[in-house]
Amino acid sequence: MSKWMEDELRSQMRPVAAPEALWDKVQHARTQAKLTGKSRPSSSVRPLWFMPVCAAMLVLLTAGLLWGIRQSRGHLRDRAPLTDQELRVLADNSLGESYSSDNPAQIRNWVKSRSSIDIEMPSSRSEAIHLLGAKIVQLHGSLIAAVAYKVGFDSATLLVSRQADCCNAGASSRHLISRTETAAGIGLASWNMREQAYTIAYAGSGEPQGACQLCHADARNRL
Amino acid sequence: MVLEHTHDTSQNELIGRCQASDSDAFRVLFDRYKDRVYSIALRYSGDESVAQDVAQDTFLKLFSSIGSFRGDANFDSWLYRLVVNACFDQKRKTRRLTPLIDGFLGLLRSPASSALDQVLRSEMSDQIRAVVESLQPEQRMIVVLRYTEALSYERIAEILGCPAGTVASRLNRVHKVLERRLARLAGGRNRV
């Protein structure tokens, strides 16, 4: 095996320090085990949000946000699309196809031409929103579309995947946020609508509902 | 008697005190092995929450069964087997959230390297994680014991109860898969 790969493996798999809270967790479990007579307590329950499909979307979150931020690092007015070389590398890395556009109709058509995903975005929206483009990535056999955009100077990504068995199968565009989460400063909001699963990831200093202005121009006032 | 948190405390004495249900000795033993147990659990599961559950189960099992540990056996090997079994017992397969986001933020905070370099490194990490997570449990454990614990083939074979040749051949297969998936990335990095 080549040395760089050996080094990468050692780096990726390197030992880590146990969290400080582990001792308390063990002690608590010991106490519970003594009280209940069980030798081993069951593991803590994890939320459904950690189901594989959502987890796969979060894998994308990293690439999607990184890509979006990379695109918008310069001055907003001077922002340039990803270079050919960067696009080629991203494609080579199986990260899927990228499309740079600030036109919601073009983005919608591009995504639809490559998947069964339909991302309907209104043509008129808040002036704070600046579309950057979209990506299509295949993960675990499912296609996921990521729309990168800016809310002022903050970055956001909308991730969408088909989910035939989800609720709200009708044509209505009304939806309820099914889950919100903040992790390491990144706000996440998820919902299902028209047989598609949506997640917005928002990394910024402003109000998280600002990211909803992608489709709801009055979101900041309404939410 | 309160034991000092030092490695000077002999292993046999420490184990003897644990077998006598000395709670201070339990704490010293925990402190001595917590990082090792947690690292194996984390690298195997890829999930901090799962890793804490596995570590908790391992230490509960350790504390409850240390009375049956024979002094002439290798304690490290015995502990390795406990954590390996706890990993295999952990049925729920989950993926991490926080490390990914932490990694993402880390990339944003490192202006020294180019954006493309960062993309490549991030993708390299993702590919390695993806390959490791796609492995069968025993194969994945071999990778963890080899690269997290830096154990020899013979030691891994002893812990997993299989021939050293099996360890070598399984690692070889993993290396080939990784080479296939990462070769393009390495090429891209060299070109930049």
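Every chain is numbered from 1 and lettered A, B, ... according to where its sequence line falls, protein lines coming before strand lines. Quick caveat, the model's predicted, so the values are computed rather than measured.
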Are the side chain of A:Arg14 and the backbone N or O of B:Thr148 linked by a donor-acceptor pair below 3.5 Å?
no

What is the minimum heavy-atom distance between [X] and [Y], and which atoms define it?
X        : Y       : answer
B:Lys34  : A:Ala18 : O-CB, 3.7 Å
B:Val143 : A:Met13 : CG1-CE, 4.1 Å
B:Leu60  : A:Arg30 : CD2-CG, 3.1 Å
A:Lys25  : B:Asp53 : NZ-OD1, 3.0 Å

Rounded to the nearest 0.5 Å, what separates atom [atom1] in [X] from atom [atom2] in [Y]?
X       : Y        : atom1 : atom2 : result
A:Glu6  : B:Tyr147 : CD    : OH    : 4.0 Å
A:Gln27 : B:Phe26  : CD    : CZ    : 9.5 Å
B:Phe30 : A:Leu22  : CZ    : CG    : 4.0 Å
A:Leu9  : B:His175 : CG    : NE2   : 6.0 Å

Between B:Phe63 and A:Val26, does the side-chain contact (heavy atoms from CB on, under 4.5 Å) criterion hold? Intermediate values first, please.
CA-CA 10 Å; B:Phe63 294 155; A:Val26 172; 4.0 Å; yes

Could you tabulate the donor-acceptor pairs under 3.5 Å formed by side-chain atoms of residues 150-159 of chain B, not counting sequence neighbours?
from     : atom 1 : to       : atom 2 : distance (Å)
B:Ser152 : OG     : B:Arg155 : N      : 3.1
B:Arg155 : NE     : B:Ser77  : OG     : 3.4
B:Arg155 : NH2    : B:Ser77  : OG     : 3.1
B:Glu158 : OE2    : B:Ser77  : OG     : 3.0

So what's closer than 4.5 Å to chain A heavy atoms on B:Val132: side chain, backbone, both or neither?
side chain

4.5 Å side-chain heavy-atom contact, A:Pro15 and B:Arg36:
no

